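These numbers come from a predicted model, not from an experiment. Lettering of chains follows the sequences in order, A, B, ..., and the numbering in each one begins at 1.
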Amino acid sequence: MAVRVFDTRSRKKRELVTIEEGKVSLYACGITPYSPSHIGHARQAISFDIIVRWLRKSGFEVSYITNFTDVDDKIIAAANEEGVDFLEVANRNIADYFESMDSLNVIRADAYPRVTETIPEIIEMIETLIDKGHAYLADDGVYFEIDTSPEKYGQLTGQTLEMVRSGAGGRVDKTGSGKRDHRDFALWKMAKPDEPFWESPWGEGRPGWHIECSAMSLKHLGERFDIHGGGSDLIFPHHEAEIFQSECCLGHDPVVQYWIHNGMINIDGEKMSKSLGNFWTISDALQRVDPLVLRYTLINAPYRQPVDFNQIMIEDSENHHKRLIDCYGEGLSKHGTGDWSGIPELEGAAKRLVEGMNDDFNTRVALVEVQAVAKWIRGLLSSRGDEGGISGAVGWISEFAGDVLGLLPADEEVLARVKSHENVKVEVSSKVESLLGEREDARSAKDWSRADEIRDELSEMGVVVEDGPDGATWRIE
RNA sequence: GCACGAGUGGCAGAGCAGCUAUGCAAUGGACUGCAGAUCCAUGGACCCGGGUGCAAAUCCCGGCUCGUGCUCCA
């Protein structure tokens, strides 16, 4: 069945037809590592991680590239403030990024190109743009001249040149640059004192913000590629600038077949931003929640919707994720993993999940099915029947909640968790059993206060007592 | 101002033309000395006004409200 993706340029869902059958080339704009990564970066990475996972599961061979913009104003500013080299700042934050993403179960991209390693290609591209008359040299840099291909304006945003001309109004003068028109954008910035620089035909300087992605995608994926992605905040101006650069440089269009953009994160209904003081770095978030719970929260809405990161969402996710892992762990340790084909409940769930994922990667629909199967397992587990069903369902969860959504820790870890729980159980077992016996006596004597006292005592040991029809059971909390 | 998106039950959040979304919470029941867990059941929603359809949260038009972008941003 075909995968349909929402394309920002055409503003509708389109069936994914790739340039080369069976292969997908995907470039997603990565981060500018000037500070530790925040949960918005996590959402972006997880969104594309799941897209890549799903495309691969659907049988595509995927080349997935995501970059680091490792030289820019903010990195330089941070480095100057600390009195260190800009690369030290970038490298530190890139390491932080990888550490966070690994914990969030984000599969590594096939390559992580960096601006500082792509300078020759960038220069070459700018030269071509100058040669073709799309760019000009000014005192302070090289600029792309929008008026050389006005028809490309607004392809992603629906705006026209005039709209932006009037909209941006008086901000032009503030730039104080050598731009001929305020909508032109920098391809190469001449170095100011105390700035890192590279040699170029136009003097010492560094690349402008947009050109690197055009150069890196060209270098790694070629003159045409299937999907270009990134956060929706990059649509304008960054991605529109890329369209200008790449298409004018290469002389054909479209270079990118599908544009995919993930939604932003809100905190309690407001945009997350440093100035509002509602900013969460990934490490902030991980102090509060398990990384996989964070992942669950971030895929709780389809990737294009904004996610509101609020208390309720987090608690909800914690709850669901814990249930998922608990029933998976119990099923796995008791019955192992098996084949789910031929089991109607599981085939039905798989079918709905596949349809949901094929329809623009709807993780929310997928989660509903995962929840339903988890519930189904719990039912079987408590009724002690149908072992084939349980192992099949464990296999189902492993395939979809694990491989596709990336929500499960490794099986060894799940089993180790179950085991350590059991070890604790064994350790305290005799004490608990004797207390429970005592409590049973108290209960038959209808000495409720003594019975509750014992329950409280056990509770302090972390033991939860649950009275059932066949007497009391207990478990470690 | 312009552009894009969103407005769904107490809450979160799907669906985007016809069939129970789902989860949490609530209520009733089973089980309980109480509690908890579990199971069963129940109620409750589609911003407003028009329009098109046999049929509209779902499509169209017009409002209103909110968010985001138009400057660096995942």
Side-chain angles (χ1 to χ4, degrees), chain A residues 8 11 13 28-32 34-35 37-48 66 69 72-74 77 97 154 156-160 162-169 171-172 174-175 182-183 209 229-238 240 261-266 269-274 297 300-308 310-320 323 352 356 359 362-372 374-375 378-379 381-383 442-444 446-449 451-452 455-456 459 464-470 472-475 477:
Chain A
T8 306
R11 262 174 237 123
K13 288 180 192 167
C29 283
I31 61 161
T32 300
Y34 66 94
S35 66
S37 296
H38 60 250
I39 57 177
H41 296 135
R43 158 103 127 146
Q44 188 275 138
I46 290 169
S47 297
F48 285 93
T66 188
T69 302
D72 107 315
D73 292 344
K74 282 187 216 161
Y97 175 86
L156 300 180
T157 55
Q159 301 182 97
T160 63
E162 288 62 35
M163 286 171 179
V164 175
R165 204 194 298 270
S166 54
R171 292 194 208 104
V172 194
K174 286 193 287 186
T175 63
H182 79 270
R183 295 154 304 155
W209 176 34
S232 61
D233 54 347
L234 296 181
I235 293 173
F236 190 92
H238 187 236
E240 292 224 340
H261 296 279
N262 66 276
M264 299 289 101
I265 286 186
N266 293 149
E270 276 182 311
K271 187 197 175 181
M272 179 172 82
S273 78
K274 284 185 175 169
T297 308
N300 201 213
Y303 73 92
R304 286 192 289 129
Q305 293 300 115
V307 164
D308 195 43
N310 59 45
Q311 199 57 30
I312 292 168
M313 275 286 273
I314 297 168
E315 283 169 12
D316 237 38
S317 303
E318 261 169 349
N319 203 263
H320 288 132
R323 287 182 185 209
R352 289 185 293 273
D359 185 15
N362 192 326
T363 49
R364 179 66 219 203
V365 168
L367 283 177
V368 167
E369 297 306 326
V370 168
Q371 285 168 212
K375 188 173 180 175
R378 266 183 292 141
L381 244 18
S382 60
S383 67
R443 292 186 73 208
S444 5
K446 297 205 189 302
D447 182 357
W448 310 127
S449 62
D452 290 346
R455 188 166 62 198
D456 291 344
S459 159
V464 181
V465 179
E466 287 167 354
D467 295 320
D470 307 324
T473 59
W474 60 279
R475 60 189 167 81
E477 189 44 60

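- Shown here are the salt bridge (charged side-chain N to carboxylate O under 4.0 Å, His left out) partners of Asp73(A), two or more places apart in sequence or in another chain: Lys189(A), Arg206(A).
- Take Tyr34(A) and apply the ring-ring contact (aromatic ring centres under 6.0 Å, His included) test, not counting sequence neighbours, and it matches no residue.
- By the salt bridge (charged side-chain N to carboxylate O under 4.0 Å, His left out) test, Glu315(A) is found to be paired with no residue, residues two or more places apart in sequence or in another chain being considered.
- A sub-4.0 Å separation between OP1 or OP2 of rG15(B) and a side-chain N or O of Asn362(A) is present.
- Summarising the base pairing, rG43(B) is matched to no nucleotide, lacking a Watson-Crick or G-U wobble pair whose two defining distances lie under 3.5 Å.
- Under the side-chain hydrogen bond (donor to acceptor under 3.5 Å, both in side chains) criterion, Thr69(A) pairs with Asn67(A), Glu212(A), not counting sequence neighbours.
- Nucleotide rG13(B) is shown with an anti base, its glycosidic torsion being more than 90° from 0.
- rA57(B) adopts a syn glycosidic conformation, its chi angle falling within 90° of 0.
- No engagement by Arg304(A) is indicated, since no non-hydrogen atom pair under 4.0 Å with the nucleic acid exists.
- In this view, Thr157(A) and Gln159(A), Glu240(A) satisfy the side-chain hydrogen bond (donor to acceptor under 3.5 Å, both in side chains) rule, not counting sequence neighbours.
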Would you tabulate the nitrogen or oxygen pairs shorter than 3.5 Å linking the protein to nucleotides 18-22 of chain B?
residue, atom, partner, partner atom, Å
rU22(B), O2', Gln371(A), NE2, 3.1
rU22(B), O2, Arg364(A), NH2, 3.1

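- His238(A) comes within 4.0 angstrom of no nucleic acid atom, judged by non-hydrogen atoms across all strands.
- Scored by the ring-ring contact (aromatic ring centres under 6.0 Å, His included) test, His41(A) finds His38(A) as partners (sequence neighbours excluded).
- Residue His261(A) comes nearest to Ser232(A) through the heavy atom pair CB-CA, 3.9 Å, listed as atom of the first residue, atom of the second, then distance.
- Taking the salt bridge (charged side-chain N to carboxylate O under 4.0 Å, His left out) definition, one finds that Arg378(A) meets it with nothing, sequence neighbours left out.
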Between N or O atoms, less than 3.5 Å apart, protein on one side and nucleotides 67-69 of chain B on the other: list the pairs.
residue, atom, partner, partner atom, Å
rU68(B), OP1, Lys271(A), N, 3.4
rG69(B), OP1, Lys271(A), NZ, 2.5

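- The residue Ser47(A) sits apart from the nucleic acid: no heavy atom pair falls under 4.0 Å.
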